[in-house]
Amino acid sequence: MAENYTEKRIEQQISFLEALQKLNLEQQKAVNTIEGPVLAIAGPGTGKTHILTARIGQILVETDAQAHNILCLTFTDAGVHAMRERLLSFIGPEAHRVHIYTFHSFCNKIIQEHLEVFGRHDLEPLSDLERLEIIRELLDNQDVEHPLKVHRRDPHYYEAHLQDLFRRMKSEGWTAEHVDSCIDAYIGDLPNQKEFIYQRNSGKFKKGDPKIARIAEVKKRMDRLRAAAFLFEEYAFVMQQRRRYDYEDMMLWVLKAFEEEEYLLRNYQEQYLYILVDEFQDTNGAQSQIVQHLIAYWEHRPNIFIVGDDDQSIYEFQGARVKNMLDFYQNYEEYMQVVLLQSNYRSTQKILDAAQVLIQENSLRITNYLDHLEIEKNLIAANEERLAKSLEIRFLAYRNRVQEEIGLVETIEHLNKEQGVPLNEIAIIYARHKQAQQIIRIFEKKDIPYRSKRRINILELPLIQNFLQVLTYISQEYEKPYSGEPLFFELLYSNFLGISVQDINCLSAFMALDAQQKYSNHAYQDLTKWKDLIQDNTKLEELNLKNLSAIQRLHQFLEDSIAAYRNRTLPELLELIINRSGLLYYAAKHERKDWYIQVINTLFEFAKRESLKNPILNLKGFLDVLQRMEDNRIGLGVYKTLYTTEGVNLITAHSSKGLEFRYVFIINCLKDFWEPSNENRGRRFAFPPTLTHSEDGDALEASRRLFYVAMTRAKEYLQFSYYEFNEAHKMQQRACFVDEILARTKLKIERKLVDNSILVDYQFLSFSSVGQKQNLPLLDRAIMTHLLDRFKLSVSSMNTYLNCPLSFYYEYVLRLPSLPSQEASYGTAVHNSLDRLFDTIKKYETKQLPHISELLLFFQQEMEKQRVYFNKVSYQDNLNLGMRHLPLYYEQRKQDWNQQLQEADILTEKQLRNIEVDGVPITGTIDKIIFYSNQQAKRVHLVDYKTGKLKERRLRPPTPANPEGGNYWRQLVFYKILLENSRITPYTAQTAAIDYLTPDEQGSFPLKQIRITPRDTSIVRKLIQDTYQNIKNFEFEIGCGRPSCKWCNFVDRNEMPDSFNNTEAEDMDD
DNA sequence: CGGGCCACGGTTTTT
DNA sequence: CCGTGGCCCG
């Protein structure tokens, strides 16, 4: 046997033997018990990977088995990787021949090896968007009486629930019938449950009576789940029809093949003489069935080694997981060897004791089910280096959240600077990512390196958003020249194009002045187009740009891309654009180039995948897919490791599993973060306990395990902290786990106060971005003065300014072209048709209301005029909407209208120009003015049409909380002021109304009338003056900061300092 | 303890 | 928009 071994192998052999000798007794048992079933319960830090690999080595040494006769299954890629590395160091290249897989890669291998059975050739993985769309269609096809739809305003509300349910059903191997019977069992038992029985007499209820209403409520929820589960089969069928599959399917296919194709299973059963399963506490139902199939061949004595720690099971359904372990034990009890690994090589005894005390509060532990073995899980510190150190565990209570965060950062800085602890030996562990946001900001501002790994949606990144703007422009210009004009200005700001902000200002000033001039000459058709400007070298040279060549490059790049559109596949075109736009160059030169390149690749790979599914997909289609993803809040995820340099680790307790750090800080140890809020959280169905094998209190145990995992990451020092009062000064409740540990140890809570001087030091780190000044410089004041020369305040410009001065700057000063939204276009069409209706009356002086058909005809004509602003589908939708709403509206209003026609004069679409109030030029158009000429008091009534849902807030007069009043209220008062200062009439307007053109839920069209008081008028007059003054003072820099605000987002997206631009600028200065 | 009303938030993670 | 949990009252 030995003669073929090279010297190197012999060396490895020796190091392997040495490693074997160093094993403690428990470990030796786990490694040496090669034959028969073994269950190893391995607590944290007990050398799990070490044992698994040593055992593999041992099998190879002790038996005739070849490397390929050994199968080692684990949960994650990282697990596979770690195992392979360790094995390589033990046994050398032979390690590559051992079959180490994740469950998924193992199934994939089986499928690839038996394509004839699986017929997977033409199948493609299902994207998140496709999943959603399949489910949406499924829901749409259901009757309105379906439990998931009935009484539901949003027919798609349960989409997310269904996604989660179907995924669960697949991964746990549940059928609809199984779910159904579990629900029946649960409901049947409800009257026996304490919470569903009155505990004492109260009112008409007697002690011992079942709570009928509560039971009915649960039943209703369960019926929804039941109905949802029965949609599963159809979902699976549609997937198959569309030739799509997802991750969970791979496992199910293999399971099915194992059951139906005996030879296939037998094949693998005979090959794998030794099977090892890692992290058994995390295997789901389907995974555990795969293992069971593989070992079934060996009846009572399979050579299987299962290692796991039930106390570290932090994914759901602990009941089912413990059941898996127990089933495994009971099935092979006769020959089963149980090994309990207790020597911990990671932590100090103090840390282990505290962790121990905590986890003993749990009852759902495997040791409690294996009573007869009389085993007790205890962790004993066995690392000699660690034994020497014995830092105290600390519990710190801070006054508030800010203090906790500052205290933490201070402590870490001290550790690093004064004690020389490397930052990557320090971890901050929390329950949810959002808890780390503020700390990340502090680290950023203080320039302390940190690492944080989390899933990021690349579609939200400024770089990608800018790039998508460029793609959209190219796509639109290809479809129809000049249709991309409204995008051009924003596109210019894309960092990777290398255009300086000064030059953009120069170009925008030219465009704005040009527009101003042409508007005043009514030469709307002659407006200069961006596209023409950047290819007009003469004009460009007149502008004295800092970097003319960047603009010329941009022009060339856009032209080339549009030209390349037709003859290239989507990936080819994208590749060209990524290269020629400068995106790739920009990313490659960036400080965080690894990350940027990864982001670009993710987008590119996604485009390739989509093209594979749909070979004729073009750029427009691709952008449409991305748009639909955005609409449905589906991201394109990528794991981001922020700052790959060594730094403080910021991680969730979940992702801390398997890691270890010298210093661990568990933060925000509060009930709200660490204890389960509810069994049914988020957009998910609640499952009956009969299905998940979980019971009341199980969720708390799951959280306790998570906390335990976090604690056992610490090697030397463990610190818990929390804050006593939240932002609203409400007292916080600390997590019960803290108290559980305190109760059974001598540890005490220390109240910490952060020194005032330190607090002051942190003041400068601004904690809020709302209301921040924008970073993009405004145009030159002289140019702005010129542009606002003849500016007149209208309702919409005033409202825009009041809502967001930044938006005002872009929309009214720079006059950037924008496409009207589809809603706005529909509104215009309805408006215009109503105007024409009343015009007709006037024209023929009949005082008779024309027939409804007249109105509908106008509407159709007006929609035709707006057609360009709709896509094909939404045009039809909006047309149908109007054709349905207008007759109902007409019917509801006609009586009022007829009466008005008799009593009053009606003026529609009255333009009021050249009006001045308190020195401010104002302007506007009033939808409808009704003159009550025959009344003594000469008065008019104003009406404004609105399409859109009634929102009372918009109509509210000013309150102390909202001193400017609702938008619509302000608008009506503005109109009154406009009319009364117009001198077209001596009449006063005391009443005004918003006339809603969209019905409410009861099908009636609201007509909201307001009475305008002199106080109202003076408030709005003051607003008019102030707003005008602010505009004249160029106070545009502060945006509203609302997440939905186009221009705030634009500025936000482009505020990042960009090294590329700077180097470009330097190059030019030479 | 039980019910009604109102304000508020809306995980974690792997393949 | 839905469900939950705090809060108040009976």
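Letters A, B, ... mirror the listed sequences (proteins, then strands); counts begin at 1. No experiment lies behind these values; they were computed from the predicted model shown.
For NZ of A/K671, the number of neighbouring non-hydrogen atoms (other residues, nucleotides, ligands) closer than 6.0 Å is 12 at most.
Below the 3.5 angstrom threshold, one finds no donor paired with an acceptor across the side chain of A/H654 and the base of B/dT13.
When the side-chain nitrogen and oxygen atoms of A/Y158 are compared with OP1 and OP2 of C/dG3, one or more of them lie within a distance under 4.0 Å.
Side-chain atoms of A/H433 lie closest to B/dT13 of the nucleotides B/dT15, B/dT13, C/dT4. The A/T652 side chain lies nearest to B/dT13 when the options are B/dT15, C/dT4, B/dT13. In this structure, the nucleotide among B/dT12, B/dT15, C/dG3 sitting nearest to the side chain of A/E248 is B/dT15. Distance from the side chain of A/T76 is smallest to B/dT15 among B/dT13, C/dG3, B/dT15. Comparing B/dT11, B/dT15, B/dT14 against the side chain of A/R432 picks out B/dT11 as the nearest.
Here the P atom of nucleotide B/dT14 and the CG atom of A/D282 are 11 Å apart, to the nearest Å. Whole-Å rounding puts the A/E172 CD to B/dT13 C1' distance at 14 Å. Taking atom CD1 on A/I290 and atom P on B/dT15, their separation rounds to 17 Å, with Å as the unit. If you measure from atom CD of A/Q281 to atom C1' of B/dT14, you get 13 Å, rounded to the nearest angstrom. Counting to the nearest Å, the C1' atom of B/dT15 and the CZ atom of A/R168 are 14 Å from each other. The distance between atom OH of A/Y708 and atom P of B/dT12, rounded to the nearest whole Å, is 24 Å. In this structure, CG of A/D164 is placed 14 Å from P of B/dT12, rounded to the nearest angstrom. Summarising the geometry, the separation between CZ on A/R705 and P on B/dT11 is reported as 21 Å, rounded to the nearest angstrom.
Among the heavy atoms of the strands lying under 4.0 Å from A/D77 are primed sugar atoms or P, OP1, OP2 only; no base atom is included. Heavy atoms of A/K434 sit under 4.0 angstrom from primed sugar atoms or phosphate atoms, though from no base atom.
Not a single ring pair (Phe, Tyr, Trp, His ring centres under 6.0 Å) links A/Y996 to another residue, sequence neighbours left out.
Two residues are said to be in side-chain contact when any heavy atoms from C-beta on lie closer than 4.5 Å; A/I100 and A/L87 meet this criterion.
Side chain of A/R705 to main chain of A/I314: no donor-acceptor pair is present (N/O by atom type, distance under 3.5 Å, no hydrogens or angles). Between the side chain of A/Q281 and the backbone N or O of A/D309 there is at least one donor-acceptor pair closer than 3.5 Å.
With P as the reference atom, B/dT11 and C/dT4 are 15 Å apart, rounded to whole Å.
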